[in-house]
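One structure below.
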2 protein chains.
Amino acid sequence: MSETRDRPYHHGDLRRALIDTALNMLATDQNWAFTLREVARRTGVSHAAPYKHFRDRETLLRELARIGFVRLGKSMTEAMSLGLPSTRAQFMAAAQACIGFACQNPGLYRLMFSSDADKTIDPSLHDAAMKTFGILLGLLERGQRDGSFRPVAVSALAAAGWAQVHGLAMLAISHQLLEEKVGSAPVPAALDVLLDGMCCTD
Amino acid sequence: MSETRDRPYHHGDLRRALIDTALNMLATDQNWAFTLREVARRTGVSHAAPYKHFRDRETLLRELARIGFVRLGKSMTEAMSLGLPSTRAQFMAAAQACIGFACQNPGLYRLMFSSDADKTIDPSLHDAAMKTFGILLGLLERGQRDGSFRPVAVSALAAAGWAQVHGLAMLAISHQLLEEKVGSAPVPAALDVLLDGMCCTD
DNA sequence: CCTCCATGTTTACAGGAGAAACTTATGCAG
DNA sequence: CTGCATAAGTTTCTCCTGTAAACATGGAGG
């Protein structure tokens, strides 16, 4: 077979390749039936090869989740850096970026908040999640300083904002934001209601 | 063995027994590694017996999710029926009931919103979810009529309220409402921020 | 009383997680 | 350059799961 020499015995960067394959599957598959063997198969290696790079299935899942948080953070940061006039508009943009990210990577987003991605046993995953959360927190603090957001405890704003965005994202990818229930543009509508509660300008 | 006669060959109500076992496991296990065979084992029947009552694993999961929505609806209705003075207080009570339900049944709550419980292929599950959502919607409409909530589109209030409550529940059972991030009592704090945006009394 | 059928059980098979033993290539010591 | 230690693959094995098929049982209706 000519295939024998298509790829050297040693892959070169199998770890990266496995992660890429898995991320692609997560972005594509709605079903979310993640299988280590299928990742290996699609990457073109034997089903035991991944164990040379990840202790077990969950270790790979946690690494994927970590990358997800990094990417999500980047999306939100970019959305906030578009030179929008008000802090309120920046919050809206970051929130919509997060929900857009979830809709484009439903499997990955679910994974990031699933019990498979246990943050209590992986400091780097925990750090990545904290860092992304920190982006939101920074925006809220800035908004309070410039007088956009009400001077209540910033932790209250943070909990409210985070829960709202995460809840909308989860409902969106679960296809539960049906028009019959919540109107035609539920995301900005809901965010506006929340922002009315967060902002000073009534 | 004396066990041979402990239970008659025909269980009597195996369907119910399987559901009860599964619900107990869901309430207990944080890990959420649901296995049909283990449900059968713990119920004391052979691993193939469940197939006489459920087409496949997912059919059982959907039935469990349906029961979850019914129970959640009951919890919320009860919380609203405590004779609380304001509609705002009733919303707060219903929201906390929902989040409390999630914390007491993390596995079940996750299931209810997971892709395993596909509402598009099970009308009775879809109906149960819609009905529970309807409780929230009814409360919001009542609140608008009595002047508690602002006269914006009720769908906006519904999307905001639902997302907020669901988001808080998901974050709570993912142990992501850490004090370092969101203060010591994030749930009421966040709900108050949202309610400030929903209510007329500023 | 006998027979049917719903509801059980046993057996069988495919596919996944993960461990262990084996193989190959690569980099480094001499 | 030679040769070996080792990282990175592969094969093989065991245990577990979901699910189908064949078989067994016992209670209800003729």
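We use all heavy atoms of the structure for the numbers below, so side chains are in, but hydrogens, waters and symmetry mates are not. Naming: A, B, ... by sequence-line order, numbering from 1 per chain.
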What integer distance in Å separates L60(A):CG from dG16(C):P? 15 Å
Rounded to whole angstrom units, what separation is found between the CE atom of M25(A) and the C1' atom of dG16(C)? 13 Å
Whole Å only: how far is the CZ atom of R16(A) from the C1' atom of dA8(D)? 17 Å
Report which part of the nucleic acid R37(A) touches: base, sugar-phosphate, or nothing (heavy-atom distance under 4.0 Å, all strands). base
Counting only heavy atoms and a strict 4.0 angstrom limit, can you tell me which residues of residues 38-51 of chain B come near DNA chain C? V45(B), S46(B), H47(B), A48(B), A49(B)
Do D192(B) and R88(B) meet the salt-bridge criterion of a basic N to acidic O distance under 4.0 Å? yes
Examine the side chains of R110(A) and S174(A) and answer whether a donor and an acceptor come within less than 3.5 Å of each other. yes
Please find out if less than 6.0 Å separates the ring center of F113(A) from that of F69(A). yes
Starting at atom CG of L36(B), determine the distance to atom P of dT9(C), rounded to an integer number of angstrom. 14 Å
Rounded distance (Å) that lies between atom P of dA17(C) and atom CZ of R55(A): 17 Å
So that I can tick it off, tell me whether D196(A) and R150(B) are bridged by a salt bridge, with the cut-off set at under 4.0 angstrom between side-chain N and carboxylate O. yes
Return the value, rounded to whole Å, for the distance between atom CG of L14(B) and atom C1' of dG8(C). 9 Å
Should the pair R41(B)-E38(B) be classified as a salt bridge under the 4.0 Å nitrogen-to-oxygen rule? no
So which one's nearest nucleotide on DNA chain D is more toward 5', K52(B) or D56(B)? D56(B)
Should the pair R42(B)-D20(B) be classified as a salt bridge under the 4.0 Å nitrogen-to-oxygen rule? no
Could you state the CZ-C1' distance from F54(A) to dA8(D), rounded to the nearest angstrom? 14 Å
Mind calculating the distance between CG (L18(B)) and C1' (dG8(C)) to the nearest angstrom? 12 Å
